[in-house]
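Only this structure's heavy atoms are used, side chains among them; waters, hydrogens and symmetry mates stay out. To find a chain, count down the sequence lines: A is the first, B the second, and so on, and within it residues start at 1.
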There are 2 protein chains.
Amino acid sequence: MDIRDIAKMAGVSKATVSRVLNESEAVAEDTRKKILAIIEEVGYLPNYLARSLKVKNTKTIGVVVPDIGNPFYFEVIRGIEKLLDKKGFSIMLCNSDYIEKKELRYISLLASKKVDGIIFAPSSEDSKSLKNLLSWDIPFVIFDLPQINFNNNAVLIDHSLCSYIATNHLIKNGHKRILIIDAYRHMEVYSKFISGYLRALKENNIEFDDALFHESTPDIKGGYNVIKKVLKNKIGFTGVLTICDLASVGVYKAAEKFNIKIPEDISVIGNDDIPLARYLCPPLTTIQQPKFLIGYKSAELLINNIQNKSSIINDFKTIILNVKLIERDSVKRRQDNGN
Amino acid sequence: MDIRDIAKMAGVSKATVSRVLNESEAVAEDTRKKILAIIEEVGYLPNYLARSLKVKNTKTIGVVVPDIGNPFYFEVIRGIEKLLDKKGFSIMLCNSDYIEKKELRYISLLASKKVDGIIFAPSSEDSKSLKNLLSWDIPFVIFDLPQINFNNNAVLIDHSLCSYIATNHLIKNGHKRILIIDAYRHMEVYSKFISGYLRALKENNIEFDDALFHESTPDIKGGYNVIKKVLKNKIGFTGVLTICDLASVGVYKAAEKFNIKIPEDISVIGNDDIPLARYLCPPLTTIQQPKFLIGYKSAELLINNIQNKSSIINDFKTIILNVKLIERDSVKRRQDNGN
DNA sequence: ATGAAAGCGCTAACAC
DNA sequence: GTGTTAGCGCTTTCAT
């Protein structure tokens, strides 16, 4: 059942059917009605693939994130979905699992499938995907990468600010031995996240102890493992700061397992404020990131980019979104001055 | 840059290039190498759209869920993604927001975009989408719908068993006034979820009080609102049972707001066991549903169906997955016999 | 207002 | 082992 069949049944040409389908040109009202009736009756569905091949757009956007199991990305995706739905675009979802090869593969696949644009959180700054994207001339926006060195759309969070605020909060509450759990960094020697921590330490004349700096996968397991290791090595600390709330949950889990009380024994502070953070036990103090907005804005930027693609002025934007400290119950003031 | 260009540059025909691209037929090793080299050099990417139009498959699956913000669906999606990635399919994600019109629209769109199959959680049993899907002859599997009346692939949870187990658990702990928070039901007079509750009550000679039966949106807000209303109306209860964990979180929220202690004042039991349930305050007793598996199995069923589509024997399966009670700390034994 | 025809980029007979 | 050719189902000039 294709457009030719409908044309035949209506006694018109394919072109006319196409016209009513797309409301592209005027068609006599009665032929229009007739065609519509037939379409309805036989339940004809246009083949969007064929259309896309011809018109060179698919009305679909690819999004690739490193971990769809992390509520952070979930929230971002919700934001993306919201805007995209409004604009009539579908979304093709890919999960890179933090592995660059997969990321690269997906980007190619999406390009091959002719998505109109791509939104993604690159695994690293000089990710090859980025270069490919640029060379293929397909509109894209990146989000969540701490820093970018090239001219393209991006909506970002200042991760160094997050850790700076978090570290300061801990310090103000009398902590000095502050564990920091970062995500594995492939490319950068010091991540933005570390740099904010370091700055806060320096400003408060606290010496940096390398034994307090740890990297893990940004999830529950990662947070858990770090605490386990640190405990085993008898590295003393009173506060901990994690790259994402999920890692903080891992800290909670370890605390429960090893009989450490939060916040009595150790204070913990997260980063991103996932929806359930306030319902955790105890409610997690964290740095709130506008996750939904990150997604929404990314999508908005992308769609604008796509719709102005032909225009000469392709001015790219990078939007930096605000973060703020959310005080709950996982951080406690120390009287002993944090040693 | 298309296949014709590559052919020209390599001094061969399009057919030959196509052959090396798809490894469909033998090609002389040196021409193969030459073509590959050119492809690599110029960064040629095949147009999958054109291919799909010809070969009549897109290697993409549509999935439509009612609320991507609910961790339940998220986990299901993770399962879907896992299997689909393994099988080389992309996923097109749609969010119906529990509104049937949107669901219908998305299903049509997906069909139009020629996805090879669809996985979805229908909003109701005689959803028009179901009928369309059947008539369009596109493979699909549904999940999570309490009951189905037609012959097609499905992977389900017995919701009446969930509520039965949950209610019994509350009763065994001395509760008699048990609030039940169900999702809005469009079509069914009594949902499966209610029926299990009713059965448990009856078996224990507890009379059903209509004032304890409530419907809400299956999310935090929904759970919160029910408790608020019930409190306002001074309806007494000691236990509450919700359609999903997220609604239980809403109960938690209301409890906090109105100064009710869980589990001292009221016991609550969830349904589905979202990943963070065990970290809530207090850890939530709930009925565990194999969410990831639901997704994985759904995808598996679908792919099998697609790959055997041409075969005469199209035997559909409905898989019913097990659930089990997970005891944590949100349910407490009552000494006063629950009145 | 409508039709004829070319073509989007690819694959798959069929021929050699 | 490789080339020629006919479409896949649609849109879009260009005629009329």
Side-chain angles (χ1 to χ4, degrees), chain A residues 1-36 38-39 42-60 108-116 136-138 310, chain B residues 1-36 38-39 42-60 108-116 136-138 310:
Chain A
M1 177 67 61
D2 64 14
I3 200 175
R4 161 168 252 120
D5 296 319
I6 303 296
K8 248 176 232 163
M9 296 172 85
V12 297
S13 73
K14 294 190 304 174
T16 303
V17 177
S18 176
R19 283 178 188 118
V20 345
L21 246 23
N22 298 294
E23 295 165 336
S24 48
E25 286 173 62
V27 171
E29 189 53 21
D30 40 349
T31 49
R32 209 182 74 88
K33 286 237 170 86
K34 186 175 178 182
I35 290 170
L36 250 20
I38 293 177
I39 285 175
V42 304
Y44 162 72
L45 222 49
N47 184 328
Y48 211 95
L49 232 46
R51 167 172 224 281
S52 288
L53 185 58
K54 186 67 186 172
V55 303
K56 294 187 173 336
N57 69 243
T58 52
K59 288 284 185 186
T60 113
S108 297
L109 188 60
L110 290 171
S112 225
K113 290 193 174 175
K114 297 296 168 191
V115 295
D116 296 339
W136 292 330
D137 190 37
I138 138 167
S310 46
Chain B
M1 178 68 60
D2 65 14
I3 200 174
R4 160 167 255 120
D5 296 320
I6 304 297
K8 246 176 236 165
M9 297 171 84
V12 297
S13 74
K14 294 189 305 174
T16 303
V17 178
S18 176
R19 282 177 188 118
V20 345
L21 246 22
N22 299 294
E23 296 167 337
S24 49
E25 287 174 63
V27 170
E29 189 53 21
D30 39 350
T31 49
R32 208 182 75 89
K33 285 238 170 82
K34 186 174 179 185
I35 290 170
L36 251 18
I38 293 178
I39 286 175
V42 304
Y44 162 73
L45 221 49
N47 184 328
Y48 211 94
L49 234 46
R51 167 173 224 280
S52 287
L53 186 59
K54 185 69 183 169
V55 303
K56 290 179 174 342
N57 68 240
T58 53
K59 287 286 186 185
T60 114
S108 296
L109 187 61
L110 290 171
S112 226
K113 289 193 173 173
K114 296 294 167 193
V115 296
D116 295 340
W136 291 332
D137 192 36
I138 139 166
S310 47

Protein-to-nucleotide contact annotation, 5' to 3' order, nucleotides 2-12 of chain D [B base; S sugar-phosphate only; - none; under 4.0 Å, heavy atom]: BBB--BBBBBB
Closest contact, heavy atoms only, [X] versus [Y]:
{"X": "B:Ser108", "Y": "B:Trp136", "answer": "OG-CH2, 3.3 Å"}
{"X": "A:Ser13", "Y": "A:Ala7", "answer": "C-CB, 3.6 Å"}
{"X": "B:Ile35", "Y": "B:Ala10", "answer": "CG1-CB, 3.9 Å"}
{"X": "B:Ile3", "Y": "B:Ser18", "answer": "CD1-N, 3.7 Å"}

Pairing residues for A:Lys114 by the side-chain hydrogen bond (donor to acceptor under 3.5 Å, both in side chains) criterion, not counting sequence neighbours: none
Derivation of the side chain to side chain contact (heavy atoms under 4.5 Å, CB included) call for B:Val115 and B:Ile138: CA-CA 9 Å; B:Val115 296; B:Ile138 139 166; 3.8 Å; yes
Validation: residues 24-31 of chain B side-chain donor-acceptor distances under 3.5 Å, sequence neighbours left out:
unit_1	atom_1	unit_2	atom_2	d
B:Glu29	OE1	B:Arg32	NE	3.4
B:Thr31	OG1	B:Ala28	O	2.7

Flag side-chain contact, heavy atom, 4.5 Å: A:Arg19 against A:Thr16: yes
Span of DNA chain C in contact with chain A (heavy atoms, under 4.0 Å): C:dA1 to C:dG9
Pair listing, side chain to side chain donor-acceptor pair (under 3.5 Å) test, anchored in residues 50-59 of chain B, at least two apart: B:Asn22-B:Arg51, B:Thr58-B:Asp116
Axial bend angle, the helix from C:dA1-D:dT16 to C:dC16-D:dG1: five-pair end segments, nearest 10°: 30°
Any residue meeting side chain to side chain contact (heavy atoms under 4.5 Å, CB included) with B:Met1, in chain and number order, not counting sequence neighbours: B:Asp5, B:Ile6, B:Val42, B:Tyr44
